[in-house]
Amino acid sequence: MDWGSLQAVLGGVNKHSTSIGKIWLTVLFIFRIMILVVAAERVWGDEQQDFVCNTLQPGCRNVCYDHFFPISHIRLWALQLIFVSTPALLVAMHVAYTRHEKKRRFRNGDKIDIEELKNEKVHIRGPLWWTYTSSIFFRIVFEAVFMYVFYYMYDGYQMPRLVKCDAWPCPNTVDCFVSRPTEKTTFTIFMLAVSGICMMLNLAELCYLVIKICMKESRKTT
Amino acid sequence: MDWGALHTILGGVNKHSTSIGKIWLTVLFIFRIMILVVAAERVWGDEQDDFICNTLQPGCKNVCYDHFFPISHIRLWALQLIFVSTPALLVAMHVAYRRHEKKRQFRKGDQKCEYKDIEEIRKQRFHIEGTLWWTYTSSIFFRLVFEAVFMYAFYFMYDGFRMPRLMKCNAWPCPNTVDCFVSRPTEKTVFTIFMIAVSSICILLNVAELCYLLTKFFLKRSKKAGNPKHHPNHENKEETKQNEMNELISDSCQNTVIGFSS
């Protein structure tokens with residue numbers, strides 16, 4: 001069970017998304033998950049091995065590393081991507097439930113058009129509109145929460161070259177040097193930028209859905 | 001044989017589960033197995049290499065690590081996930097057995113068997129009633145037991161769910177008492193708490209599913225007690241309706257073909 005399986009699961013949701021939703025999914029997989037797996041994990045791969053402190057005191061390096069990096073960027077991004085992807089499963093479950101209900105009504109003898117049953121695409125209206133809109137809303141919330149968590153935990157998005165540590169058992173204050181700070185800053189800013197783009201796509205999709213429903217309502221009244 | 005293979009095996013069980021069972025399976029795969037593979041294994045990857053003790057005594061680090069981490073969290077989680085997933089296989093085996101019986105009846109040319117061909121038997125979805133209900137309910141019960149046992153084992157083995165930064169070790173051959181420092185304690189605590197939380201959510205889902213099945217069972221029983229005459233024909237009625245549905249679909253297909261040709 002890895003990123004490939006997640007892609008298989010979410011690929012099915014793609015069928016029932018709007019065009020903006022499909023673009024969002026593509027951006028998610030290519031510019032975030034793929035970059036994470038192919039590049040970012042190598043950059044952070046030696047983060048603790050090459051975190052060097054100017055001391056011979058055993059345990060000082062461990063403690064300082066733990067103090068300055070409570071949760072590694074890579075794990076935060078992995079959690080962010082999983083949480084941001086899962087609201088789409090609400091939509092998949094709703095579609096599966098709708099299909100199941102149609103088949104059950106058909107079995108009970110209600111007159112349901114067989115073509116409609118066999119038709120793969122389900123239109124986003126009625127309760128499905130609400131499920132879809134809630135999923136986009138949750139996506140936006142999760143993105144914002146994780147972006148804030150990053151900012152709060154690391155005091156901004158820049159990776160410092162040097163951190164000064166005085167946690168026990170380090171003697172007095174010790175200089176510790178981070179491995180590949182510039183490369184890490186570059187990737188952090190890149191992932192942040194793509195996060196921002198994904199948020200904007202989600203907002204655009206939300207606006208599109210809301211406008212569509214308002215226009216439908218106004219047509220019904222006139 | 002890895003997590004992907006388990007995913008394939010359990011995916012088949014999904015068809016015969018209740019809605020809560022399907023949600024449970026999704027939570028299991030995405031929030032537990034995937035998190036384990038994609039994140040947790042990296043966090044614990046350097047657990048022994050970066051377990052550092054303040055001593056030059058050879059063998060002391062090994063002994064202290066072994067003393068404080070008899071079984072690594074990662075291995076315990078892997079065992080937990082395997083044990084928790086396997087009761088679902090009881091259901092899969094029961095369904096396979098039923099299918100086998102129906103195929104045998106079909107092949108014998110039994111008049112009672114109402115299927116048109118073997119493909120129908122293979123595709124049929126079994127409802128959770130009769131002996132399958134008992135198998136399904138037992139599988140949920142075993143899942144709950146395994147989850148609870150592993151959560152207790154974690155709590156017992158590591159004195160709670162928090163990973164300490166420092167451990168004081170005095171096992172031989174360490175001289176007197178030695179300070180040993182754990183690698184990435186905060187990140188490990190975060191992931192331990194996350195996995196415990198998702199475990200609890202899975203337990204709640206299983207309890208909800210068990211209550212749902214029991215409620216359904218008692219409601220059916222009270223309906224039977226109210227209308228005893230209708231009960232014997234119930235199962236036959238379901239299968240007859242399914243055959244009618246299949247006939248309707250095949251008829252409609254024929255009509256479509258005829259429509260196109262004319």
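None of the values given here were measured: they were computed from a predicted structure. The sequence lines fix the lettering, A, B, ..., with proteins before strands; numbering per chain opens at 1.
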- prompt: Which word best sums up how the rings of B/Phe181 and A/Trp168 line up, parallel for under 30°, tilted for 30 to 60°, or perpendicular for over 60°?
  reply: tilted
message: Is there a side-chain contact (heavy atoms from CB on, under 4.5 Å) between B/Thr8 and B/Trp3? Walk through the geometry before answering.
response: CA-CA 9 Å; B/Thr8 316; B/Trp3 295 114; over 6 Å; no
message: For chain A, which candidate among B/Phe31, B/Phe51, B/Phe191, B/Phe194 shows the most heavy-atom pairs at distances under 4.5 Å?
response: B/Phe31
- line: Closest non-hydrogen atoms of B/Val91 and B/Tyr136, given as atom of the first, atom of the second and distance, are CG2-CD1, 3.7 Å
message: Is the distance from the ring center of A/Phe150 to that of A/Tyr157 below 6.0 Å?
response: no
task: Name the region of B/Asp179, side chain, backbone, both or neither, that has any atom closer than 4.5 Å to a heavy atom of chain A.
output: side chain
Pair B/Glu41 + B/Arg75: basic N to acidic O under 4.0 Å: no
query: Would B/Glu209 and B/Lys22 pass as an ion pair if we require N to O under 4.0 Å?
result: no
- line: If one checks every heavy atom of A/Ser72 against chain B at 4.5 Å, the contacting part turns out to be both
message: Heavy-atom cut-off 4.5 Å, strictly under: side chain, backbone, both or neither for A/Ile82 against chain B?
response: side chain
task: Identify which part of A/Phe83 has an atom lying under 4.5 Å from any heavy atom of chain B, answering side chain, backbone, both or neither.
output: side chain
task: Please state whether the side chain, the backbone, both or neither of B/Leu166 comes within less than 4.5 Å of a heavy atom of chain A.
output: side chain
- prompt: Tell me, side chain or backbone of B/Cys180 under 4.5 Å from chain A's heavy atoms, or both, or neither?
  reply: neither
task: With a 4.5 angstrom heavy-atom cut-off, could you sort out which part of B/Thr26 is near chain A: side chain, backbone, both or neither?
output: side chain
query: Between A/Thr185 (side chain) and A/Met159 (backbone), is there a donor-acceptor pair under 3.5 Å?
result: yes
statement: Under 4.5 Å to a heavy atom of chain A? For B/Arg184 that would be both
query: When heavy-atom pairs shorter than 4.5 Å are enumerated against chain A, which of B/Val182, B/Ile35, B/Val38, B/Ile23 gives the highest number?
result: B/Val38
message: Looking only at heavy atoms and a cut-off of under 4.5 Å, which of B/Gly4, B/Ala5, B/Ala40, B/Ser183 has the most pairs with chain A?
response: B/Ser183
query: Are the two sulfur (SG) atoms of A/Cys165 and A/Cys64 closer than 2.5 Å?
result: yes
- prompt: Between A/Gly59, A/Ala96, A/Ser5, A/Gly4, which shows the greatest number of heavy-atom pairs under 4.5 Å with chain B?
  reply: A/Gly59
query: Under 2.5 Å between the sulfurs of B/Cys60 and B/Cys174, yes or no?
result: yes
- prompt: Side chain, backbone, both or neither: which part of A/Leu89 has a non-hydrogen atom closer than 4.5 Å to chain B?
  reply: side chain
